[in-house]
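One structure is given below, encoded as structure tokens.
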2 protein chains.
Amino acid sequence: MRVPANRPALRVQSGGGVGEEELEFNEEGGVTDDSLSPEDASTPSSRRLHELIIQLGRYRSLRDPLHGICESKQLTPTQIHALMWLGNDGPTHVGVLAQRVGITKKTITGVVDRLEDMKLVERTRDAEDRRAVVAQLTTEGVKLFNLISRSVDEGLRRMLDLLPPDDQEALFGLLERVLKRLGESSEPQSL
Amino acid sequence: MRVPANRPALRVQSGGGVGEEELEFNEEGGVTDDSLSPEDASTPSSRRLHELIIQLGRYRSLRDPLHGICESKQLTPTQIHALMWLGNDGPTHVGVLAQRVGITKKTITGVVDRLEDMKLVERTRDAEDRRAVVAQLTTEGVKLFNLISRSVDEGLRRMLDLLPPDDQEALFGLLERVLKRLGESSEPQSL
DNA sequence: TATTGTTATACTCTATAACTATA
DNA sequence: TATAGTTATAGAGTATAACAATA
């Protein structure tokens, strides 16, 4: 009853320029809108995985291990997300950073604004393309990145502790094979 | 430069009532604040998993398979999240729903408001505890839930297609063992 | 008094549209 | 003209604080 508007703000450029920033290697768009070809929709395996994921989701500490970090650092998930990519990738065009985080170029501006206000990120112009803006962590930002990185490691360690060594190895092998498959069939966007 | 405030809005009741809605079986609070006991922090395994996850994160289609659904259905991630839990659990106290989605009671009110405006959710009073409000899907909400559920299945199927059958079985076994462990060491909150 | 939700307020996230500067 | 970002605007998510109704 607070806001009379019935339509959420989430809206995507579907009519205008296709080549904006939403282009991915997986372009099915509506995914499964109403056009469910009954052959390749869901399978017993996918439904089994779905059910397992729902069960796991009931354990909140598994679901969002970053939540505690957000609280203790007084940062929003999006801000943490942006910091982590900057720490992992080094200086990055803000447009690319937007892709990484999964938001639009218009939105990344405000996010970087606030990170800059907090002295965690710096903006500089790209000398080679004067239009482009490069974002990079400040010294303080790097320190925070390292701290968060260790927090994530610790969270992952606690998850791994739930698995016997054999299963841990199986998991690693499995993920590595997925990555190999992905690398063969497509490219990570704009790496 | 937009807003002069340097502090983000994310803030959690750390001083007030402990038993609000943030209580989990993993109560380390600050997680790794500054008190990193060097023994049980990160391990080679956790760092390896961390690295693998970062690599996977570069593939955006893997990272947020729900993104396409949000777009096509014109709903926000939080709204989808709430709908999915209502579909999976049936009529639910809005406070419990807040726990599931991972937001506070104050916030869930607005989310349910908007879902109610969209005629996807209904509110009723719990007859046994007149204080409590029960949220449940409308007929239209159930239809949407089924549609989204199938979309998720399809996304999962595409991920599973990246793995040979052996690895799929390994993954299932692995997840089931994690669930078993979790069930032994703790309870899913308020199930 | 304690608990369940809601209301009021403020800030962040997010997208669309219009704009500036550079290629 | 096309591309990289920013500004302006509006709606949704989120938390804190204060409040109402019920136990």
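Hydrogens, waters and symmetry mates play no part in the numbers below; they use all other heavy atoms, side chains included. All values reported here derive from a predicted model rather than from experimental measurement. A note on names: the letters A, B, ... follow the listed sequences, proteins ahead of strands, and every chain is numbered from 1.
- Atom P of nucleotide D:dT6 and atom CZ of A:Arg114 are separated by 12 Å, given to the nearest angstrom.
- Residues A:Asp161 and A:Arg157 are paired through a salt bridge, judged by an N-O separation under 4.0 Å between the basic side chain and the carboxylate.
- When rounded to the nearest whole Å, the span between CG of B:Leu75 and C1' of C:dT14 equals 15 Å.
- Close to C:dT6, at under 4.0 Å from its OP1 or OP2, lies a side-chain N or O of B:Arg123.
- Rounded to whole Å, atom C1' of C:dT14 lies 13 Å from atom CD of B:Gln74.
- A salt bridge does not link B:Arg150 with B:Glu154: none of the charged nitrogens is closer than 4.0 Å to a carboxylate oxygen.
- Scanning for side chain to side chain donor-acceptor pair (under 3.5 Å) contacts around A:Glu176 gives B:Arg48, with sequence neighbours left out.
- If you take CG of A:Asp113 and C1' of C:dC11, they are 14 Å apart, rounded to a whole angstrom.
- In this structure, CD1 of B:Ile103 is placed 12 Å from P of C:dT6, rounded to the nearest angstrom.
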Exercise. Treat primed atoms plus P, OP1 and OP2 as sugar-phosphate and everything else as base, then score nucleotides 18-23 of chain C 5' to 3': B for base contact with protein heavy atoms under 4.0 Å, S for sugar-phosphate contact only, - for none.
Key: ---BBS
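- The distance from the CZ atom of A:Arg114 to the CG atom of A:Leu120 is 13.0 Å, given to the nearest 0.5 Å.
- In this structure, the CD atom of B:Glu116 is 13 Å from the C1' atom of C:dT6, given to the nearest Å.
- To the nearest 0.5 Å, atom CG of residue A:Leu156 and atom NE2 of residue B:His50 are 6.5 Å apart.
- Remark: P of C:dC13 and NE2 of B:His81 are 20 Å apart, rounded to the nearest angstrom.
- At C:dG5, none of the side-chain N or O atoms of B:Thr109 fall inside 4.0 Å of OP1 or OP2 (strictly under the cut-off).
- Here C:dT12 presents its C1' atom at 8 Å from CD of A:Gln79, a figure rounded to the nearest Å.
- Ionic pairing of A:Arg47 and A:Glu51 is not present here: no N-O contact between side-chain nitrogen and carboxylate oxygen is shorter than 4.0 angstrom.
- Relative to the side chain of B:Ala132, the nucleotides C:dT4, D:dA12, D:dT7 differ in distance, and C:dT4 lies closest.
- Regarding contacts with the backbone of C:dC13, every side-chain N or O of A:Thr107 stays at 4.0 angstrom or more from both OP1 and OP2.
- Contacts of A:Lys119 classified as side chain to side chain donor-acceptor pair (under 3.5 Å), with partners at least two apart in sequence or in another chain: none.
- In terms of phosphate contacts, B:Thr78 brings a side-chain nitrogen or oxygen within less than 4.0 Å of OP1 or OP2 of D:dT14.
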